[in-house]
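The figures that follow rest on heavy atoms only: side chains count, while hydrogens, waters and symmetry mates do not. By convention in this document, chain letters (A, B, ...) are assigned in the order of the sequence lines, proteins followed by strands, and residues within each chain are numbered from 1.
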Amino acid sequence: MSLETRTYVNQFMVAVDQTSDRPKEAVTELILMIEANKLSLLDFIKNMGDFLTEESENVRSRSLLLLSSVLSQIDKNQLMVQDIKVLLAFYTSKLDDVKCTKEILLGIDALIKMVRFPSDELDNLLVQITNKYHPTDQLASTRCVAFDILRDLLSKFEDHLVACLNDQFIDAFVNITTNEKDPKNLMSSFQLNKSISMKFDIGAKEEDMFDCIFCYFPISFKAPDNNPYEITGDQLKKALRDCMSSNSVYAKEAFPNLVEKMASTSPSVKMDVLMTIKQCIENYTASTVEEYWISLWNSLKFEILHRELASADNIHDMFKYYENAESEDERTVAVTLQIFESFSRKFVDTGMNSYRDYLILVFDSLKEYLSDPESTKLKQATVIISVMCGANLNTYNLLVPKTMEAFLAPLKKDDISIKDQRALLRNVPFMLDSYHQLFNERGLAIQPTNCMFRFKDDIHTLLSRALLSTSTLEVTLRCLAIKLVLKLFKLKGFLEPEECQLIAQSLTDVLLEDDNPQTFSQALDALTSIARDYPMIILEYTIPKLVILLPDSARESASHSLNTVDMSKEKVLDVLFIISDNRLIINSVVIRLLNKLEAVLKRKDDIAEEYYAKLLLFSLSKILEKLTYADSTNEYLKKFIPRFLSLVLPALVIDQESCLYKDSIAAEYIGRILKEVVAKCDGSFHQQLFNDAFKLFVEGKCTDNDNSLLHTPLSECINIEDSRYATSFIVFTGICSTVDYRTVIFPVDPGDFVDSSIEILHREKLNLVERQAVLQTISLVVNKWFKKEQKEYLQKKSEKLEAETEGSSSTASIATALEVYAWLTKGLLLKNDEMSEEFVQHLIRLLENGGTVSHLVSRCFEILVADADGFTMYKRPGAFGKLVVLNVNVRTFYKQKFVDSTLPVLIEKFRDSGSNRKEYLLTISLIIKYAEKQVIMPHLKEIMPVVMTALTQKSSLIISSALSILEIAIEEAGELVREHLSEIIPRLLQIIKQQGSGKGAEVKIKAFECLMGVSKYEIHLLQPFKKEIIKESLVGLDDDKRSVRKLACNCRQVYYELGESEE
Amino acid sequence: MTEPLNANPTVLDFSELPKRDNDSRGLNDKNLESREETLIYNRLKSLSLLKADSYDDENDLEDFNIEDLRLPDLTDDSDSQKSAKALVKCEPTTTENKGKLEPIDSQEIYDLVSSISDPEHPLTLGQLAVVNLDDIKVTNPTARDQIGEVLVHITPTITHCSLATLIGLGIRVRLERCLPKRFRIVILLKQGTHQSENQVNKQLNDKERVSAACENPQLLRVISHMLSTCK
């Protein structure tokens, strides 16, 4: 037995590499033996015997390490009280053995963790540590163990230590922490210090303890790059701050020292000081803080008063600005203000008289600024007071009356200057921010006696002076007043309903009477924001006032009062559009505009009405766009649509004298209005709606009274297939594109409907908009209602195409056939139909033919990828509240799928073909024009040769597309561009030098952007081109277009600077 | 300019600087609706094969005349009247927009120079009101074949500002880099704003001295730094 023990002991002792497995194994085996009671602790120690007292330091420390290792890993229950006592005595007796201190401390720490560690040993242990252990002689890793010991003691015997061994523990701590410099150990030291300061009675040792803390302040530690300590400077700073603020007794040392350090010129030190002061104020007791407040206030106030504060609309924004400021110097402002907040929060009880006095002292020292509107420190003073008031209701009640009185006193003078009014309007809002902070943000109950209410009248006076009796030339003043109005409206429970109304009225008058663009747009913004929260106020006063300004006919101007500025009807409608930001308001505005439209349509004699009527329709569609699905347009189906259609349909297709007769743009607007209403009403109405629409537009039944779309029957039946009524097809398309395709059943066979629509295209003479409506409807029907049954039909269509595009037919009919085919393909493509691939392949085949047809075909590809109005997607909440699109069947990744499958084929064909290159180039350009960056990226490598060819073309469309790809490539695939740099740059410069504007400008801008993009490449690649680029881009400076000139300037600046910084 | 020291110059906020008045909201724009019409037509045209559209600048597709494709009988008479009217209305606006010349004006010059940063403050010349929109004059901005002139009056923040020449030089370098060569650039101190006004003026507009200054690499670096801030 003892032989075995001996072996293991020797195995440990002789191990050269201490981290290898062999010594560890020995320790494990020994522990197993002791735990199994095969080996007594005594025997174990006997076996080590001589080693422990050996002269050689190495052997001694090694054997001690073995003992300590065994102790630290052994079962915590294994050792009896007596064992522990003996071992502890052994260890402590050797504590002054400088060479073995680490092993000894490890052993002591292991013993402390034993379950049966007797608390009566603590006293001795602490004394021994204090007397025998000298941290200055030890390495950082050893000192670390000493901190571990105290920490473990504290976590295990806290109550006992606090109760009986207060001084001993503190002494031990002060001893081990003296002169500590290692960051990691300092962290432990600070943590221990904090616990001690908070839990122990440090009254007697206060100075020692404080010295342990303050000697490190301010910390300028910056972790080295590899950060071996795994500690950052900020962590240390925070730990130190925690110590300092942990006990109020430090105050008498801390505050004077901190105030002194505040004079530091380094912003980071200043920041640290301020943060510490803040935390101290927060953590120290109220009575302590109170004692030092005057000296703190006297030094802190200048941090704010002597500074130009950033311009912000409210305190919150100002805080945000300073908190996120880039310079540390600016960030100190935020902390200083937070200190004031913290101080204010200490005033928890109105009975705290000294606090009251101190707060009044703050006010008194700022009063001279507050009561003088011309003071340059007014803003700073206001911000300080507001911050303090916003932090605490007691402070608020104390200081608001005083401050507001001081503020508003100049208002009582009759001859208050504009400048003073401006100062008031700038600063009163800051005081209101404290109200906002307390009652909006923190949701405190608002008493009717709230001290701010007393000043309402004065604020009203201030506002009405600025808004009603000041010249409109005082733009800043009036804008400030409008901002104040907005703020008042946002304060919870501040304004009474009548007051709201009164203010909204004066704001409306400003809107109508002030033609300064800045004031106007501010007033409009304010009203719009009020409209969101208080729609009724706007409805009652503002909307009627505005609608009155709309004339009943294009020629006459509306009757309005004398002082109103002349507002054009376009402007009125635009204001109405902007202000309609709430369902109630939209409802009312829509009905009023409909009335207006009715009046306008009645006058048939004047051609100018056409524009006005279209303007009204356009405005209606824009306003209805603002409704969301949540607003539900169900009501509109009953109240608005029948009246609207009964009014506009006759005007559009029946009444030949009407100003809108056969006006396809008006029809487009009507279609849009229907789209908005249909898309946002409940899906359950759709079938009925669609049936009625079919009856009305397709079947030509109009005389029966039960069509829900009409209010009064039409005087004659209309039919979209009849060229006389073709314009109404546009309206029908609107309904077709928005009804839910999953629930609505198509009333007739969709194939037949498509056939007859194609028939219309060939037969009738349609204008552009009508033609497009028919084509898009065909596409929509294919997309939404074609099922498996129609597969055969589609196959036939595909087969027939060749015959239709034979050279014998006229160009027009070939074009029509191709167009129909492209739209059919689009309908299939969008829903990822299995047929779509065949259709696309067919189109690609046609490209090869060359000549007229292939040129047309390449345009067909544009139809496939471009966004069409008919396919506008309307989202509504579906299952699980997820937003889904039900009006058209569009798969999310259809475009990507299309590009991925088509682009490589086209690029290959482009490479192989000689004569038809242009068609392929055009096709590729057209596809690229509509594809997003992510879709193109995977094809960059293949497409680069195409780009290089395209850049030498003359067509601006092709160049523009090529430049778009180039821009992406420059950013995402630099290596591809770098290879071609010597070709690309001269080519880009060539493009820049081209004459021409319009589309040319767009190309030039892209070329300049590309040039700027490549400037980020390695300098040695660009240096050869630098001079050339600067010289050649000179022509861009004299371009007709301002945007081109601007980019030319920027681009040249970039290249002027290229390489300069390195020189 | 009564303040003896320039520690605390008046600073304008960015929002207070003059900007080009582009009414982004389109208020006052009487053509909002007609613009929409043009938009509709343009969009539909790009989706239609029967069109003579914006690709007509493709000279290399000349062999293929798109005009042929326009169907003469596409619309009947009463109809074409209507649509022609609409088209006529939109056509002029598009061409007008396309070809409209935007002359170099004082706001454009202001935008160029106001963003230069001051050598001693982290602020721009615009914010410090060293350059003001009203103090910039552009003569003869459009005629390409004649000499034009850009005259900038600068206002130093204090009368003994030692950096007035540097600021002036910065402005000159910026303008020389960003204006076509046909403009003569004259930079003067605003009358009565500087103690040695004549001297500085002379220095700023002396070709020899300016180009000599620009050959000093150290000086050029300072100027480069001033110009590099924002554009």
Asks: Quick check against the 3.5 Å criterion: does R1052(A) have a side-chain atom that pairs as donor or acceptor with the backbone of R177(B)?
Replies: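 Checking the backbone N and O of R177(B) against the side chain of R1052(A), a donor-acceptor pair under 3.5 Å is found.
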Asks: For A1048(A), enumerate each residue passing the side-chain contact (heavy atoms from CB on, under 4.5 Å) test, keeping only those at least two apart in sequence or located in another chain.
Replies: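 Listed in chain order: F1008(A), L1037(A).
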Asks: Looking at L219(B), I'd like to know if its CG atom is crowded, meaning that more than 12 non-hydrogen atoms belonging to other residues, nucleotides or ligands lie closer than 6.0 Å.
Replies: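 Yes.
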Asks: Between OH of Y41(B) and CD of E668(A), what distance do you get to the nearest 0.5 Å?
Replies: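 Going from the OH atom of Y41(B) to the CD atom of E668(A) covers 10.0 Å.
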Asks: For a salt bridge (Lys or Arg N to Asp or Glu O under 4.0 Å) check, start with the C-alpha distance between E37(B) and K614(A), then their side-chain angles and the critical distance, and finish with the verdict.
Replies: CA-CA 10 Å; E37(B) 277 184 36; K614(A) 275 199 278 186; 2.9 Å; yes
Asks: Which region of A868(A), side chain (C-beta onward) or backbone (N, CA, C, O), has a non-hydrogen atom less than 4.5 Å from a non-hydrogen atom of chain B, or is it both or neither?
Replies: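 Its backbone and side chain both get close to chain B.
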Asks: Mind listing the closest non-hydrogen atom pair of S224(B) and E1057(A) along with its distance?
Replies: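 Of all heavy-atom pairs spanning S224(B) and E1057(A), the closest is OG-CG, 3.6 Å.
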Asks: Measuring heavy-atom distances to chain A, does I40(B) have an atom under 4.5 Å in its side chain, in its backbone, in both, or in neither?
Replies: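 Just its side chain gets close to chain A.
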Asks: How about CZ on R763(A), more than 12 heavy atoms from neighbouring residues, nucleotides or ligands closer than 6.0 Å, or not?
Replies: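 Yes.
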Asks: Regarding K181(B) and D1038(A), does a basic nitrogen lie under 4.0 Å from an acidic carboxylate oxygen?
Replies: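 A salt bridge is absent here (no side-chain N lies under 4.0 Å from a carboxylate O).
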Asks: Examine distances only and state if a side-chain atom of R1042(A) and a backbone atom of P103(B) form a donor-acceptor pair shorter than 3.5 Å.
Replies: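 Confirmed, R1042(A) side chain pairs with P103(B) backbone.
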Asks: Measure distances from R307(A) to the heavy atoms of chain B and classify the residue's part below 4.5 Å as side chain, backbone, both or neither.
Replies: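 Answer is neither: R307(A) stays 4.5 Å or more from chain B.
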Asks: Restricting to side-chain hydrogen bond (donor to acceptor under 3.5 Å, both in side chains), what partner residues turn up for R43(B), sequence neighbours left out?
Replies: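 Testing R43(B) for side-chain hydrogen bond (donor to acceptor under 3.5 Å, both in side chains), a comparison that skips the adjacent residues, returns D869(A).
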Asks: Using salt bridge (Lys or Arg N to Asp or Glu O under 4.0 Å), reason through R672(A) and E36(B) one step at a time and then give a plain yes or no.
Replies: CA-CA 13 Å; R672(A) 285 187 195 178; E36(B) 181 73 21; 2.9 Å; yes
Asks: Measure L1034(A) against the heavy atoms of chain B and call it side chain, backbone, both or neither at under 4.5 Å.
Replies: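 Contact with chain B involves the side chain of L1034(A) alone.
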Asks: Mind checking the CD-SG spacing from Q1053(A) to C178(B)? Nearest 0.5 Å is all I need.
Replies: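 Output value for this atom pair is 6.5 Å.
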Asks: So which part of S1043(A) gets closer than 4.5 Å to some heavy atom of chain B, the side chain, the backbone, both or neither?
Replies: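 It is the backbone, since no side chain atom gets that close.
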Asks: Any chance you could lay out the side-chain contact (heavy atoms from CB on, under 4.5 Å) test for R771(A) and L44(B), step after step, and finish with the verdict?
Replies: CA-CA 10 Å; R771(A) 259 184 85 82; L44(B) 291 182; over 6 Å; no
